[in-house]
Amino acid sequence: MSADVCLRNGLTYERNQLKSNLLEMIEATGGWPAVFRAGAKVLIKVNMLAAKPPEMAITTHPVLVAALAQLLLARGCKVAIGDSPGGAVGGVEKYWSACGYREIADELGLTLDNFESAGSTPREINGITYYISNSITTYDAIINACKFKTHLLCRLTNGIKNSFGIIPGLGKSVIHSYCLRPRDLAVHIVNIYRLVTFDLVVMDGLLSMDGQGPSTDGNPRFEGLLGVARDSVCLDMALSHLTGLGPEGLDIVQEARKQGLGKPWREITVEGSHQFSNFKIPRSSFYNLLPPFLGDLVRPFLKKVPQGNEKCTGCRYCANACPVNAITYPRGQAVMNRSTCIVCLCCHELCPENAVELRQRLRRRK
Ligand code: SF4
Ligand code: SF4
């Protein structure tokens with residue numbers, strides 16, 4: 001009988017080793033789905049949150065992506081890599097290079113798919129319209145090549161959350177800005193997850209991250225963990241369970257289960273395991289305690305406002321990414337305008353110096 005989730009640990013980023021592990025793990029979860037046939041156009045949907053090198057543990061590691069791509073090429077598939085990072089409004093080129101995807105695309109003849117330039121299509125779900133990248137609809141099969149790490153708002157980010165990148169451009173920022181309660185953000189993420197069909201999930205938990213996350217504010221830590229599943233919800237439940245939060249301890253998982261996704265934990269079969277030791281996960285947000293109507297009422301007053309700190313080098317990287325031009329440099333260091341800021345968190349996620357803090361403070365309505 002095949003497992004819902006297959007985990008292997010003690011691994012390294014050695015491409016041939018990962019290829020054989022992947023083959024074995026895909027077999028353990030029921031084999032290659034039929035969509036991965038010769039001639040099929042396959043997207044490897046990576047987590048490309050920031051234009052950072054792989055050793056910072058922010059993005060799906062290129063060696064794992066290369067191993068997966070080689071297995072697909074051997075099956076006769078045409079392979080592309082794609083994602084829409086939060087700050088890509090100024091161009092996605094530097095992301096491909098910094099994350100190591102340009103190099104493997106050149107080596108293996110893969111396509112780098114720019115979700116930003118493909119245009120978007122409105123799709124409605126649960127009464128809300130989302131604009132998803134047209135790129136997504138052009139593939140025969142999509143692999144969710146997610147990164148397992150911590151996340152300030154979602155506590156952990158992994159399979160379900162990796163679907164957020166199908167929203168190109170500033171759409172993601174707007175959704176963030178509407179959600180004071182992480183529980184509300186979880187509703188949007190699960191809605192978006194339902195708009196894309198992942199045919200296989202491959203989780204990069206080898207170089208993971210704990211602490212705040214999901215970007216330069218987290219601590220890279222090597223876990224050597226690789227995951228394969230058919231269903232992202234089952235995978236997220238298994239990882240949440242292993243970290244001690246319980247299989248339904250995450251807002252995202254609770255929302256997914258509420259929307260009828262995944263399976264009851266007792267029915268999920270997991271082959272393999274992993275022991276996390278002193279893995280630091282952000283606390284559940286105080287705002288989740290607010291009832292939804294109160295959350296909406298206080299949101300304008302209680303925004304988490306990004307602020308530059310003394311580590312700022314004035315590189316202007318954040319200002320170039322800010323969708324509403326809310327960042328200035330009066331004394332050579334970044335200052336975020338609290339009135340203009342839509343709290344998209346781009347500056348927080350992209351700052352190379354970890355110089356943007358999120359501070360909770362009362363905020364006067366203008
Ligand atoms: S806050 Fe960070 S990204 Fe912005 S200018 Fe300062 S160092 Fe650069
Ligand atoms: S200042 Fe506000 S709107 Fe601009 S990038 Fe930062 S969080 Fe987003």
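Quick note: numbers below take in every heavy atom, side chains included, and nothing from hydrogens, waters or symmetry partners. In listed order, ligands and their atoms are each counted from 1.
Note: Trp96 and Tyr101 have perpendicular aromatic rings, judged against thresholds of 30 and 60 degrees for the angle between ring planes. Note on ring orientation: taking the six-membered ring where Trp is involved, the planes of Tyr130 and His188 are perpendicular (angle over 60°, cut-offs 30° and 60°).
Of all the atoms in ligand 1, the ones that sit under 4.0 Å from a non-hydrogen atom of Val356 are 1 (S).
Summarising the geometry, atom CG belonging to Asn354 is positioned 5.5 Å from atom CG belonging to Asp217; distances are rounded to the nearest 0.5 Å.
Any protein N/O/S atom under 2.8 Å from atom 8 (Fe) of ligand 1 was counted, giving 1 altogether.
When atom types are taken as modelled, the side chain of Asp204 and the backbone of His61 share a donor-acceptor pair closer than 3.5 angstrom. Between the Gln333 side chain and the Glu310 main chain, a donor and an acceptor come within less than 3.5 Å of each other. A donor-acceptor pair is defined here as one N or O able to donate and one able to accept, closer than 3.5 Å; no such pair exists between the side chain of Arg15 and the backbone of Ala67. Side-chain atoms of Asn278 do not come within 3.5 Å of backbone N or O of Lys280 as any donor-acceptor pair.
Taking the ring axis of Phe279 as reference, the NZ or CZ atom of Arg221 does not stay both within 45° of it and closer than 6.0 Å to the ring centre.
The number of heavy-atom neighbours closer than 6.0 Å to CD of Glu103, taken from other residues, nucleotides and ligands shown, is 12 or below.
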Could you walk me through whether Asp83 and Lys45 pass the salt bridge (charged side-chain N to carboxylate O under 4.0 Å, His left out) check? CA-CA 6 Å; Asp83 191 18; Lys45 162 64 179 78; 2.8 Å; yes

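Shown are the protein N/O/S atoms under 2.8 Å from atom 2 (Fe) of ligand 2, given by residue and atom: Cys341 SG.
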